[in-house]
Amino acid sequence: MRIKLSNRLQAVAKYVTPGARVADIGTDHGYLPVYLVVNDLSPRVIATDRGKGPLAAAGQLVSLLSLDTQIDLRLGDGLAVLQPAEVDVVCIAGMGGMAIRDILAEGMPVARSLKRLVLQPQRNVPAVRNFLVENGWRIVAEDLAEDDGFYYEIIVAEPGEMALSEEEAEFGPLLLAEGHPLLEDFLLLRQADLTRLLESMAANNSEESLRRKEQLQGEIARVAEVIELQRQRVGK
């Protein structure tokens, strides 16, 4: 059976170290673990989820493909179902950035034993980057994936030291440095979303609303500046 991943999960799978033992936290239907095993990218994957329903669905797929000896299904929260040094790589995809941060913070003994993290936060991405560099991780790769008009950021981190500027935390140090081919489209979409939000607040002039408008105007200006710098970089 051929497993086809979404562009988002395909980008996550791309950064799993070949031959590594992997844990997929919040596995949902188990597509990523099955893909990693079927394509010989990992000899063993632990697939975890806090929901019985999604884990049962993953179990059905694993059983259908007779992968029970290579994919271990575990019910539980975050890294609590893992032992230190039990896996080499942890993938956490499709969760909010604050949830990812909390999972890593609460499971620090396990996290510190890992060789690599592959993370795909849905929102609050700067909080993830800042947490990583503040807790002994360095960002070694970043990627963007597009699915159905939405853009997803992938962050790959390994133990080490690095510093981030505010701009790098916001937009991604390697996305900026390497000029990712999807970066301009990603930033233009963010700019449009922020502009629509600002326009929707036009009639509200409360003190709190005025503060928020000023904040949005600053964010829009920062995005525009980064877009212009990227265009200059590639000679547009």
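Side-chain atoms are counted along with the backbone in the values below, which use heavy atoms only and exclude waters and symmetry mates.
- The minimum heavy-atom distance between Pro173 and Ile139, with the atom names listed, is CG-CD1, 4.2 Å.
- Between the side chain of Ser113 and the backbone N or O of Val110, at least one donor-acceptor pair lies under 3.5 Å.
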*asked:* Between Val90 and Ile92, does the side chain to side chain contact (heavy atoms under 4.5 Å, CB included) criterion hold? Intermediate values first, please.
replied: CA-CA 7 Å; Val90 156; Ile92 311 177; 3.7 Å; yes
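- Atoms CD1 and CG, on Ile154 and Leu119 in that order, are 10.0 Å from each other to the nearest 0.5 Å.
- Under a 3.5 Å cut-off, the side chain of Ser42 and the backbone N or O of Gly19 do not form any donor-acceptor pair.
- To the nearest 0.5 Å, atom CG of residue Asp143 and atom CD of residue Glu178 are 9.0 Å apart.
- You'll find the side chain of Trp137 reaches within 4.5 Å of the side chain of Leu114, heavy atoms only.
- In this structure, the side chains of Leu67 and Val38 come closer than 4.5 Å at one or more pairs of heavy atoms.
- Considering OH of Tyr151 and CG of Leu189, their distance stands at 6.5 Å, rounded to 0.5 Å.
- Of all the heavy atoms in Met98 and Asn124, the pair that sits closest is CG-ND2, 3.6 Å.
- With hydrogens and angles disregarded, a donor-acceptor distance shorter than 3.5 Å links the side chain of Asn7 to the backbone of Glu146.
- Taking a cutoff of 4.0 Å between a charged side-chain nitrogen and a carboxylate oxygen, Asp77 and Arg50 qualify as a salt bridge.
- Checking side-chain atoms of Ser209 against main-chain N and O of Asn204 turns up a donor-acceptor pair under 3.5 Å.
- Taking 4.5 Å as the limit, every side-chain heavy atom of Ile100 sits out of range of all side-chain heavy atoms of Gln120.
- Leu36 and Ile46 fall into different hydrophobic clusters, where Ile, Leu, Val, Met, Phe, Trp and Tyr residues are linked whenever their side-chain heavy atoms come under 4.5 Å apart, directly or through other members.
- Put simply, the side chain of Gln83 never gets that close to the backbone of Glu86: no donor and acceptor are under 3.5 Å apart.
- Applying the ring-ring contact (aromatic ring centres under 6.0 Å, His included) rule to His29 yields the partners Tyr31; only residues at least two apart in sequence or on another chain are considered.
- With contacts defined as side-chain heavy-atom distances shorter than 4.5 Å, the pair Leu183/Leu176 qualifies.
- Using a 4.5 Å cut-off between side-chain heavy atoms of Ile, Leu, Val, Met, Phe, Trp and Tyr, with links allowed through other members, Leu55 and Ile71 fall into the same hydrophobic cluster.
- A salt bridge is defined here as a Lys NZ or Arg NE, NH1 or NH2 lying under 4.0 Å from an Asp or Glu carboxylate O, and Arg101 with Glu134 fails to meet this definition.
- Under the 4.5 Å side-chain heavy-atom criterion for grouping Ile, Leu, Val, Met, Phe, Trp and Tyr, Val118 is not connected to Leu144 through any hydrophobic cluster.
- The pair Glu142-Arg129 meets the salt-bridge criterion, with a side-chain N (NZ, NE, NH1 or NH2) lying under 4.0 Å from an Asp/Glu carboxylate O.
- Within the 4.5 Å cutoff, the side chain of Ile25 has heavy atoms near those of the Met95 side chain.
- At a threshold of 4.0 Å, the pair Arg212-Glu219 counts as salt-bridged, since one of the basic side-chain nitrogens sits closer than that to a carboxylate oxygen.
- Judged purely by atom type and a 3.5 angstrom limit, Lys213 uses its side chain to pair as donor or acceptor with the backbone of Ala202.
- Taking both residues in full, the closest heavy atoms of Leu75 and Asp49 are given as CD1-O, 3.2 Å, listed atom of the first, atom of the second, then distance.
- In this structure, the side chain of Ser6 engages the main chain of Leu9 through a donor-acceptor pair within 3.5 Å.
- Looking at heavy atoms from C-beta onward, Val133 lies out of side-chain contact with Arg138 at the 4.5 angstrom threshold.
- Atom CD of Glu214 is surrounded by 12 or fewer heavy atoms from other residues, nucleotides or ligands within 6.0 Å.
- Expressed to the nearest 0.5 Å, how far CZ of Arg222 lies from CD1 of Ile227 amounts to 13.0 Å.
- The two atoms that bring Arg112 and Asn135 nearest to each other are NH1-O, 3.4 Å, heavy atoms only.
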_The test is side chain to side chain contact (heavy atoms under 4.5 Å, CB included); show your working for Leu104 and Leu117 and say whether it passes._
CA-CA 10 Å; Leu104 295 174; Leu117 291 166; 3.8 Å; yes
*In sequence, state the C-alpha distance, the side-chain angles, and the governing distance for Asp24 and Thr48, and then conclude on side chain to side chain contact (heavy atoms under 4.5 Å, CB included).*
CA-CA 6 Å; Asp24 180 31; Thr48 84; over 6 Å; no
*List the steps, then state whether salt bridge (Lys or Arg N to Asp or Glu O under 4.0 Å) holds for Asp88 with Arg21.*
CA-CA 5 Å; Asp88 308 302; Arg21 300 166 300 163; 3.0 Å; yes
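- When hydrophobic clusters are built by joining Ile, Leu, Val, Met, Phe, Trp and Tyr residues whose side-chain heavy atoms come closer than 4.5 Å, directly or via intermediates, Leu164 is not grouped with Val226.
- With Lys115 contributing its side chain and Glu158 its backbone, the two residues share no donor-acceptor pair below 3.5 Å.
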*Please walk me through it: do Phe171 and Val223 pass side chain to side chain contact (heavy atoms under 4.5 Å, CB included)?*
CA-CA 9 Å; Phe171 302 106; Val223 174; 4.0 Å; yes
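- Atom OH of residue Tyr35 and atom NZ of residue Lys4 lie 9.0 Å apart, to the nearest 0.5 angstrom.
- Between Pro33 and Ala47, the shortest heavy-atom distance links the atoms CG-CB, 3.8 Å.
- For the atom pair NE2 of His180 and CG of Leu175, the computed distance is 6.5 Å after rounding to the nearest 0.5 Å.
- Of the charged side-chain nitrogens involved, at least one lies within less than 4.0 Å of a carboxylate oxygen, so that Arg231 and Glu184 count as a salt-bridged pair.
- Looking only at distances, a side-chain donor or acceptor of Arg116 sits under 3.5 Å from a matching main-chain atom of Tyr15.
- Taking every heavy atom of both residues into account, Pro121 and Val128 meet most closely at CG-CG2, 3.9 Å.
- Looking at heavy atoms from C-beta onward, Cys91 lies in side-chain contact with Leu32 at the 4.5 angstrom threshold.
- The environment of CG in Asn205 is crowded: more than 12 heavy-atom neighbours from other residues, nucleotides or ligands sit within 6.0 Å.
- Under 4.0 Å is where a charged nitrogen must lie from a carboxylate oxygen, and between Asp193 and Arg196 at least one such pair does.
- A continuous path of hydrophobic side-chain contacts links Met108 to Val87 [ILVMFWY only; heavy atoms under 4.5 Å].
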